[in-house]
Amino acid sequence: MQISIREYTDSDYRALSSMSDDVWSTKIACIAAGLRNYDGKIERCYLAEKNGIIVGFIYGHVLPNRLLFPELLYVLPEYRNKGIATKLLDEFEKTSGCTTSLIFYNKALHDFYFKRDYCHGENLEVAMKLIPCNQEEQS
């Protein structure tokens, strides 16, 4: 499956705002509305596409203190478990220039984030990760 990852542009508004009809549709529509004046500085959004169709995205913030704060990672149900979420998270981390990433996540995603080196406790819904490639650039 050929999936491309790219940064959000203003022309993606309509497709992003209507990509989901599940429990996340309202949250996604709110994020899309918030991206209407997207400048890519603090707020970041990357899309996963297959044949020009958006099949997933990651949205979050890159804070001035080099803290990455992914807020929502979403992949359409029929495209899940194909590595798309991993590609989106990897691109978000790699391009951020941040040294640390902090997430608040749904407990159902515990294994997904654990496999990607996020440290968390048994009952926590918050996880943190040092981003090694970006720490090396700072040296």
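The analysis underlying the following values was restricted to heavy atoms, covering all of them including side chains, and did not include hydrogens, waters or symmetry mates.
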Novice: First locate atom CG of Asn51, then atom OG of Ser4, and finally report the distance between them rounded to the nearest 0.5 Å.
Specialist: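 The CG atom of Asn51 sits 9.0 Å away from the OG atom of Ser4.
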Novice: Distance check, rounded to the nearest 0.5 Å: Leu16 atom CG versus Tyr8 atom OH?
Specialist: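 Reported value, rounded in 0.5 Å steps: 6.0 Å.
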Novice: Rounded at 0.5 Å granularity, tell me how far OG1 in Thr9 sits from CG in Leu47.
Specialist: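 Thr9 OG1 to Leu47 CG: 7.5 Å, rounded to 0.5 Å.
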Novice: Is the number of heavy atoms from other residues, nucleotides or ligands within 6.0 Å of CG (Asn37) greater than 12?
Specialist: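 Incorrect, the count does not exceed 12.
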Novice: Applying side chain to side chain donor-acceptor pair (under 3.5 Å) between Tyr59 and each of Arg44, Glu43, Glu71, report the one that passes.
Specialist: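 For Tyr59, the side chain to side chain donor-acceptor pair (under 3.5 Å) test succeeds with only one of Arg44, Glu43, Glu71, which is Glu43.
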Novice: Surrounding CD1 of Ile53 (heavy atoms of other residues, nucleotides or ligands, distance under 6.0 Å), is the total greater than 12?
Specialist: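 Result for CD1/Ile53: open.
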Novice: Report the distance from atom CG of Asp90 to atom CD1 of Ile58, rounding to the nearest 0.5 Å.
Specialist: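 With rounding to 0.5 Å, CG (Asp90) is 9.0 Å from CD1 (Ile58).
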Novice: Quick check on Asp21: does its CG atom have over 12 non-hydrogen neighbours (other residues, nucleotides or ligands) under 6.0 Å away?
Specialist: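 Atom CG in Asp21 is not packed in, count stays at 12 or less.
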Novice: Taking all non-hydrogen atoms of both residues, which atom of Gly56 and which atom of Leu88 are closest, and how far apart?
Specialist: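 Closest approach of Gly56 to Leu88: C-CD1, 3.9 Å.
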Novice: May I ask you to decide if Gly97's main-chain N or O and Arg66's side chain share a donor-acceptor pair within less than 3.5 Å?
Specialist: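 The answer is yes, because a donor-acceptor pair under 3.5 Å joins these two groups.
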Novice: Might you work through the side chain to side chain contact (heavy atoms under 4.5 Å, CB included) test for Ile131 and Thr99, ending with a clear yes or no?
Specialist: CA-CA 5 Å; Ile131 305 174; Thr99 57; 5.8 Å; no
Novice: Is it true that Arg116 and Glu93 have a side-chain N and a carboxylate O under 4.0 angstrom from each other?
Specialist: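 No.
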Novice: Atom CG in Leu68, atom CZ in Phe92: separation rounded to 0.5 Å?
Specialist: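 Separation between the atoms: 4.5 Å.
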Novice: Supply the atom-to-atom distance Ile28 CD1 to Asp22 CG, rounded to the nearest 0.5 angstrom.
Specialist: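 That separation rounds to 6.5 Å.
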Novice: Surrounding CG of Asn81 (heavy atoms of other residues, nucleotides or ligands, distance under 6.0 Å), is the total greater than 12?
Specialist: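 Atom CG in Asn81 is not packed in, count stays at 12 or less.
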Novice: Indicate yes or no: at least one non-hydrogen side-chain atom of Tyr74 is less than 4.5 angstrom from one of Lys27.
Specialist: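 No, side chains not in contact.
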Novice: Passes side chain to side chain contact (heavy atoms under 4.5 Å, CB included), Tyr118 versus Leu89? Steps please.
Specialist: CA-CA 12 Å; Tyr118 280 80; Leu89 186 59; 4.1 Å; yes
Novice: Taking all non-hydrogen atoms of both residues, which atom of Ala48 and which atom of Ile3 are closest, and how far apart?
Specialist: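 In this case the closest contact between Ala48 and Ile3 is CB-CG2, 3.9 Å.
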Novice: Which heavy-atom pair separates Phe112 from Leu73 by the least distance, and what is that distance?
Specialist: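 Closest heavy-atom pair between Phe112 and Leu73: CE2-CD2, 3.8 Å.
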Novice: Do you know the tightest heavy-atom contact between Ser20 and Ser25?
Specialist: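 Smallest interatomic distance, heavy atoms only, reads O-CB, 3.2 Å.
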Novice: Write down the atom of Val62, the atom of Cys98, and the distance for their closest heavy-atom approach.
Specialist: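 Closest heavy-atom pair between Val62 and Cys98: CG1-SG, 3.5 Å.
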Novice: Given the rule in the side chain to side chain contact (heavy atoms under 4.5 Å, CB included) test, do Tyr38 and Asp12 qualify, once you have shown the distances and angles that lead to the verdict?
Specialist: CA-CA 11 Å; Tyr38 181 73; Asp12 296 316; over 6 Å; no
Novice: Closest heavy-atom contact between Arg36 and Asp10?
Specialist: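 Taking Arg36 first and Asp10 second, the nearest heavy atoms are O-OD1, 3.4 Å.
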Novice: Check step by step if side chain to side chain contact (heavy atoms under 4.5 Å, CB included) holds for Thr95 and Tyr46.
Specialist: CA-CA 10 Å; Thr95 61; Tyr46 290 90; 2.8 Å; yes
